[in-house]
Amino acid sequence: MAQKEHSKVIERELTMSRAMVEAIAHEMRENEEVFYMGEDVADYGGIFDSTQGLLDEFGYDRIMDVPISETAYLGAAVGAAQEGMRPIAELMFVDFFGVAMDQIYNQMAKNTYMSGGNVSVPLVLTAAVGGTYNDAAQHSQTLYGTFAHVPGLKVVVPSTAYDAKGLMHNAIRDDDPVMYMFHKRLMGIGWLPAPDGPKTPVPEEDYTIPFGSADVKREGDDVTIVTLGLHVHRALEAAESLADDGVSAEVVDLRSLVPLDTDTVVESVEKTGNLVVVDEDYRSFGVTGEIVASVAEENLGALDSVERLAVPDVPIPYSRPLENEVVPDVADIEAAVERTQ
Amino acid sequence: MVSVNELREMYVDMVTARHYEERLQEEYLEGKQPAFDISAGPIPGELHLAAGHEASAAGVCQHLRDDDTVTAPHRPHHVAIAKGVDLERMTAEIFGRETGLGKGKGGHMHLFDPDVGFACSGIIAEGCPPAAGAGLAAKKRNTDSVAVAYLGEGAIDQGAFLESLNFAAVHDLPVVFVVEDNDWAISMPKGRVTDVENGAQRAGGFDMPGVRVDHDDAVAIYDAAKEAIGRARDRNGPTLMEVQVHRRMGHFMGDPESYRPEEDQEAAAERDSIARLEADLQSHGVDEESIEELRDDAHERVEDAIAFAKDQPEPDPSAAHEDVFVNPPSGVTDTEPEYDLAGGDD
Ligand SMILES: Cc1ncc(C[n+]2csc(CCOP(=O)(O)OP(=O)(O)O)c2C)c(N)n1
Ligand SMILES: [Mg+2]
């Protein structure tokens with residue numbers, strides 16, 4: 001894991017939400033032009049703890065509750081960013097993107113290109129993603145592929161506290177628009193227990209993790225599992241139990257979709273020969289197909305077998321047995337790996 | 001003037017809805033002890049209960065028929081009950097069972113009962129355009145059915161609502177927009193997100209009537225709705241109503257409500273529209289014993305629905321793959337006719 005490469009031993013552990021908030025607070029102290037807008041981000045501290053404690057330090061002017069008018073406030077964030085400020089705007093659930101899609105897809109993403117690079121949009125759009133707690137079709141999607149698809153957005157998906165902080169620092173300092181997609185199940189919220197894993201040691205000081213640097217979260221020789229977000233932890237759990245059966249799985253955490261670190265993935269597949277891609281987004285026209293195609297283009301010969309696991313092109317159902325059926329779990333990952341062996 | 005019988009009907013809807021929410025709260029919290037885990041227990045996921053909103057459901061839906069359409073937001077149960085949604089199948093849906101309204105696929109924010117024209121959605125204000133569409137269908141078909149869109153006061157800043165007001169107004173559609181003002185949008189008080197104290201003022205900008213009922217009173221809401229729905233049925237166009245209700249519980253179950261002053265909570269509870277309606281019933285000569293009987297029957301109906309739901313099977317996992325479409329993927333045909341298309345070079 002990347003954090004092991006640091007020379008100093010870090011003891012202090014944070015939840016993913018604390019790590020995210022620490023980076024935001026640091027940037028806000030350093031730069032008065034950084035501010036945060038969203039629904040229930042002030043007194044509530046973010047429904048998923050994304051702004052916990054920030055109101056006390058920065059007040060209502062910089063931790064701004066906004067009307068339920070996503071087009072207006074996300075668009076206003078685009079406009080303020082174009083004026084040179086550095087807004088962070090939050091979509092409470094990524095699923096609500098639809099009501100503000102023009103501001104995201106046609107303004108935030110494209111203004112830089114359409115201006116021939118003369119306009120920059122230093123905006124971070126944070127959004128809670130993911131299911132596994134029976135919130136049904138309008139509150140459980142990840143939509144990773146939807147945002148990675150349109151040219152002009154950098155798309156970041158942390159899976160640990162360490163990554164969350166470094167990626168957030170980089171996102172706020174980047175002069176381009178960044179979608180920062182945090183998985184609800186990883187935040188360490190009291191009422192939505194996280195798996196073991198996202199809570200990691202986190203350095204006190206600020207540091208940046210470059211986008212497009214996938215992280216090998218576990219090394220292995222027999223199969224490469226490429227994934228992101230919550231499923232990094234499910235893949236690690238699967239790898240653990242596969243090891244008992246003598247299968248050595250490497251787990252690659254993409255950390256960002258745009259830019260995509262194809263090199264790290266291809267390098268791993270060249271070693272293992274087998275590729276399993278695991279995604280919590282819909283199967284078709286999405287992350288799994290993109291990863292497989294990218295590897296095939298780079299080195300078709302390296303691929304002995306390919307498996308992909310994703311939501312099988314149905315909206316996320318509510319009932320527990322139905323949601324469990326469509327969201328890949330540890331057993332599904334183990335079975336997919338077995339099929340490659 | 002409202003008749004005694006109608007008062008009784010509204011009362012039954014309201015006590016049914018109140019008891020329903022109180023019982024769902026208990027069922028929901030079961031399995032979430034000692035530590036609250038939203039994905040655990042017999043009812044998982046988010047649960048938005050409408051205790052304190054009953055008067056707006058009863059007072060408006062009292063004027064509706066099965067062929068009228070209602071769309072509700074994320075807090076839908078009281079409206080569903082007043083609209084006559086099948087209580088057993090609705091409850092089975094909330095418990096995620098196979099015989100639920102949506103076979104366990106929708107859950108509590110996504111209840112559909114086309115037999116009585118009811119639907120709800122978890123995206124703020126997004127029920128407004130479909131309600132306008134139901135009004136459009138009624139107008140095109142020349143029927144006298146109407147549509148009602150429910151939304152919260154937090155939703156009146158949303159584009160889908162404002163665009164729908166204009167669409168309904170310019171096409172004179174038989175639609176009534178009912179804003180339930182409970183003072184809060186999760187943790188955000190109304191004054192923080194709009195400068196307008198009376199949300200019904202939004203109507204003025206679209207040249208449509210706007211009325212506000214500013215106390216929790218089923219009869220006052222009944223009267224205002226009678227006029228609005230009558231106007232829609234007589235093809236005189238849409239109305240915007242805002243009705244004051246109150247939130248007796250958290251935004252969702254598990255909401256710590258640490259943002260909410262205790263006095264606000266207490267004041268809200270004191271505005272109880274059910275107690276008010278009981279007094280109305282008594283002043284119309286309905287004695288306490290009869291009121292109690294109505295209440296007991298309503299409670300029993302709720303208990304039966306919950307018992308029914310818990311007795312239903314969970315869906316088979318394979319059912320997750322069904323119902324994405326009603327027609328086969330190929331559409332209404334799986335063959336293409338063989339035309340000899342003239343022209344072209346080959
Ligand atoms: C487009 C959209 N934005 C945000 C949300 C999240 N959300 C769910 S309920 C809610 C507050 C709604 O307040 P109000 O409309 O007053 O209804 P109430 O909950 O008070 O009944 C918010 C912000 C959402 N569901 N959809
Ligand atoms: Mg409200």
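Interface remark: of the candidates B/His251, B/Glu257, B/Met109, B/Met109 forms the most heavy-atom pairs closer than 4.5 Å to chain A. Interface check for chain A: of the options B/Ala155, B/Gly100, B/Gly122, B/Pro256, the most heavy-atom pairs under 4.5 Å are formed by B/Gly122. Contacts with chain B were tallied for A/Asp43, A/Asp135, A/Ile47; A/Asp135 has the most, counting heavy-atom pairs under 4.5 Å. Note: A/Val66 leads A/Ile316, A/Asn324, A/Val66 in heavy-atom pairs under 4.5 Å with chain B. Interface check for chain A: of the options B/Gly107, B/Gly96, B/Gly45, B/Pro44, the most heavy-atom pairs under 4.5 Å are formed by B/Pro44. Ranking A/Tyr44, A/Phe93, A/Phe96 against chain B, the residue ahead of the rest is A/Tyr44, based on heavy-atom pairs under 4.5 Å. If you tally non-hydrogen atom pairs under 4.5 Å between each of A/Asp95, A/Leu192, A/Thr71, A/Val99 and chain B, the highest count goes to A/Val99. Ranked by heavy-atom pairs under 4.5 Å with chain B, the list A/Pro67, A/Ala72, A/Gly190 is led by A/Pro67.
No more than 12 heavy atoms of other residues, nucleotides or ligands lie within 6.0 Å of CD in B/Glu262, so this atom counts as exposed by the packing criterion. A/Lys199 NZ: 12 or fewer foreign heavy atoms inside a 6.0 Å radius. For A/Glu57, the CD atom is densely surrounded, since the number of other residues' heavy atoms within 6.0 Å is greater than 12.
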Evaluate B/Asp157 against A/Ile68 for side-chain contact (heavy atoms from CB on, under 4.5 Å), listing each step before the verdict. CA-CA 6 Å; B/Asp157 310 315; A/Ile68 311 173; 5.6 Å; no
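Side-chain polar atoms of B/Gln158 and A/Glu70 form a donor-acceptor pair below 3.5 angstrom.
Using the six-membered ring where Trp is involved, A/Trp191 and B/Phe252 have ring planes that are tilted, between 30° and 60° apart.
Proximity to chain B is absent for every atom of A/Ser140, based on heavy atoms less than 4.5 angstrom apart. Heavy atoms of A/Ile189 lying under 4.5 Å from chain B are absent altogether. In this structure, chain A has no heavy atom under 4.5 Å from any part of B/Glu98. Using a 4.5 Å cut-off between heavy atoms, A/Met64 makes no contact with chain B at all. Contacts between B/Ala160 and chain A at a heavy-atom distance below 4.5 Å are absent for every atom of the residue. Heavy atoms closer than 4.5 Å to chain A are found in the backbone of B/Ala40, but not in its side chain. Heavy atoms of B/Lys103 lying under 4.5 Å from chain A belong exclusively to its backbone.
Between B/Glu46 and A/Asn134, every side-chain heavy-atom pair lies at or beyond the 4.5 Å cut-off. Within the 4.5 Å cutoff, no side-chain heavy atoms of A/Asp65 are placed close to those of B/Val193.
Listed by first and then second residue, the ring pair (Phe, Tyr, Trp, His ring centres under 6.0 Å) pairs that reach into residues 54-82 of chain A come to none, sequence neighbours excluded.
Contacts of B/Asp264 classified as side-chain contact (heavy atoms from CB on, under 4.5 Å), with partners at least two apart in sequence or in another chain: B/Trp184, B/Arg260, B/Pro261.
For B/Arg192 against A/Ala42, the heavy-atom pair with the smallest separation is NH1-CB, 4.3 Å.
Remark: the backbone N or O of B/Ile94 is paired with a side-chain donor or acceptor of A/Tyr318 at under 3.5 angstrom. When atom types are taken as modelled, the side chain of A/Asp40 and the backbone of B/Ser187 share a donor-acceptor pair closer than 3.5 angstrom. A/Ser319 places no side-chain N or O within 3.5 Å of a backbone atom of B/Arg97 that could act as its donor or acceptor partner. A distance-only check finds no donor-acceptor pair linking the side chain of B/Ser39 to the backbone of A/Tyr133 [under 3.5 Å].
When the heavy atoms of residues 240-248 of chain B are compared with those of chain A, none of the residues falls under 4.5 Å. Annotation: residues 318-328 of chain B contacts chain A through B/Ala319, B/Ala320, B/His321, B/Val324 [non-hydrogen atoms, separation under 4.5 Å].
Between atom NE2 of residue A/His139 and atom NE2 of residue B/His74 there is a gap of 8.5 Å, rounded to the nearest 0.5 Å.
Partner B/Pro317 forms a side-chain contact (heavy atoms from CB on, under 4.5 Å) with one of A/Glu325, A/Arg320, A/Glu323 and no other, that one being A/Glu325.
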